[in-house]
Number of protein chains: 2
Amino acid sequence: MTTPYNINDYQNPLFTVDSVLFTIKNNALNVLLVKRANQPFIDHWGLPGGFVDINKDTSTDQTALRKLKEKTNVSPLYLEQLESYSGHERDPRGFSVTLVYFALVPEQAVSTHIETVDDVKWIEVNSLNTLSIAFDHAYIIQQAKTRLQQKALYSMTPVYCLPPCFTIGQFKQVIEAIIEKTIQRKTLIRRIEASDMFETIDKKVKSGGRLAQVYKIKPGVDIVNFERNLSI
Amino acid sequence: MTTPYNINDYQNPLFTVDSVLFTIKNNALNVLLVKRANQPFIDHWGLPGGFVDINKDTSTDQTALRKLKEKTNVSPLYLEQLESYSGHERDPRGFSVTLVYFALVPEQAVSTHIETVDDVKWIEVNSLNTLSIAFDHAYIIQQAKTRLQQKALYSMTPVYCLPPCFTIGQFKQVIEAIIEKTIQRKTLIRRIEASDMFETIDKKVKSGGRLAQVYKIKPGVDIVNFERNLSI
DNA sequence: TTTAATTGTGTCTTAGGGACACTAAAAAAG
DNA sequence: CTTTTTTAGTGTCCCTAAGACACAATTAAA
């Protein structure tokens, strides 16, 4: 029953790390796609990612960050594991496993770099069906979107789609773009106060009407989770 | 141990699948541990798991289920991915990635099989420090416990630690063992009704006082999530 | 000066968990 | 046989935070 361990008895699956990097652009949820330079699915658009480099990476988190930095020139403010996907069918080269992260970044942080290259672009998640996407990445993006929507209902996570200084109006727009539903401004204000994550800065900013108070994240605070969801 | 050069080993990290299988035993959260038959950490206790067998497994889910069935002789009722853990330090053989699942099973379903073997056992999660655990598995078990506790606050997931027919009193004990806090019986009854996941069966059962109504899960229903957490 | 737009406040409603009293029914104690 | 103990189940009030929405404040545009 117990044969001695030998690593060569097993064929290792193909293991990659991919990231779903989201941002809000034009009041819509966008995902970063990369034009594939290699087979399989050459010239198709897919998620940024690749193989672990065990000489450079101290963990798969580092792999995800390294690949994202290669494509966007910045590290995302928020990164967490989504899930891994595996099977014989998802990659023509054979049984494969991809560990998928999902990440958030404010659009301004990467816009200048993205505009200088033509193999990296933002695409609206709701327009994904107009492209032919590599592997099962279209499905993975949908899963990541669902997870982000859930998190937006019970946490302050969407703040990582905002620049360092922001107004409540901007925050509300980001949340609404993610959950695809309007929320009460009052509810957001109550949550901002209850979370104690933010501080006002001595500045107001034009917004088309009355000047808006500017907020920023208090240094060193963790993301706050709430006990109730926003209603769906 | 000297492994011959293998191109796959060089490109790919060591990839394994492990599972944190929980049950409730004696009103306490228990985890299934397996005595390791091989290096590294031979004779230490660790999580059930191993390498993907790409000839047998259609996905990593199947790997987890196959390994659990080897050790317990049953498939768990509940299985989901927890997270993956990676790094150079966690396995002396080099950079490794383990994809960890967490699973729930009623104790009765596996007790007879467990008692016949001596390399598999249940151990109370709160007594883990009395054993020396392989790899970073002690840490992983703590992470899985935290995740299970969170899920118990907003979902009916703990029901998978119960046998097919159960009383509200048993359900309450399972939840309380998981979250390590008492809950209001009334709250559980309200959630059972609101979820519409259960039906009463025409049977009552002794419980030390008044006879208790027996419930079971309606066939084909999905686990229900609530919009509010139980208070912590 | 008026109107429109956006920010910010006040407050009532609503849903669901927390608490707890009270009744029901069965077993154990006397 | 009666009383006590134990667990099951119900009724109901409280509390908190989200939803709804009116209304005041402030700015720009018409």
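All chains are named by letter (A, B, ...) in the order of the sequence lines, taking the proteins before the strands, and each is independently numbered beginning at 1. No hydrogens, no waters, no symmetry mates; every other heavy atom, side chains included, goes into these values.
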Where B:Val221 and B:Met197 come nearest, the two heavy atoms and their spacing: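 Between these two residues, the closest heavy atoms are CG2-O, 3.7 Å.
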
Nucleotide [N], atom [atom2] - distance to [atom1] of [X] in whole Å:
X	N	atom1	atom2	result
A:Arg210	C:dT7	CZ	C1'	5 Å
B:Phe171	D:dA8	CZ	P	14 Å
B:Phe226	C:dG18	CZ	P	12 Å
B:Glu227	D:dA17	CD	C1'	12 Å
B:Ile189	D:dG11	CD1	P	11 Å
B:Glu176	C:dG18	CD	C1'	14 Å
B:Glu193	D:dT10	CD	P	7 Å
B:Ile183	C:dC20	CD1	P	16 Å

Geometric cation-pi criterion B:Arg90 and B:Tyr85, 6.0 Å radius, 45° cone: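 Output no; distance or angle outside limits.
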
Presence of donor-acceptor pair under 3.5 Å, side chain of A:Arg190 and base of D:dG19: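 Present.
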
D:dG11 base / B:Lys186 side chain donor-acceptor hit below 3.5 Å: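 Pair found.
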
Quick check on [N]: is either OP1 or OP2 less than 4.0 Å from any side-chain nitrogen or oxygen of [X]?
X	N	answer
B:Arg191	C:dG17	yes
A:Arg185	C:dT7	yes
A:Gln184	D:dA20	yes
A:Ser231	D:dG19	yes

Residue whose closest nucleotide on DNA chain C lies nearer the 5' end, B:Leu211 versus B:Leu230: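 Nearer the 5' end of the strand: B:Leu230.
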
Contact nearer the 5' end of DNA chain C, comparing B:Asn229 with B:Gly209: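 Result of the comparison: B:Asn229.
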
B:Glu89 atom CD: more than 12 heavy-atom contacts under 6.0 Å: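 No, because the 6.0 Å sphere around CD of B:Glu89 holds 12 heavy atoms or fewer from other groups.
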
Touch class at under 4.0 angstrom, heavy-atom based, for A:Lys204 against every strand present: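 The residue A:Lys204 makes no contact with any strand.
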
Sugar-phosphate only, base, or nothing, as touched by B:Gln213 at under 4.0 Å among non-hydrogen atoms: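 Here B:Gln213 touches the backbone only, sparing every base.
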
Side-chain heavy-atom pair A:Val52, A:Ser59 within 4.5 angstrom cut-off: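 They are not in contact (no side-chain heavy atoms under 4.5 Å apart), so the answer is no.
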
Position toward the 5' end of DNA chain D (nearest nucleotide), B:Arg228 or B:Val214: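 That would be B:Val214.
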
SB check A:Glu227 B:Arg228 (cutoff 4.0 Å):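 Not counted as a salt bridge, because no side-chain N and carboxylate O are separated by less than 4.0 Å.
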
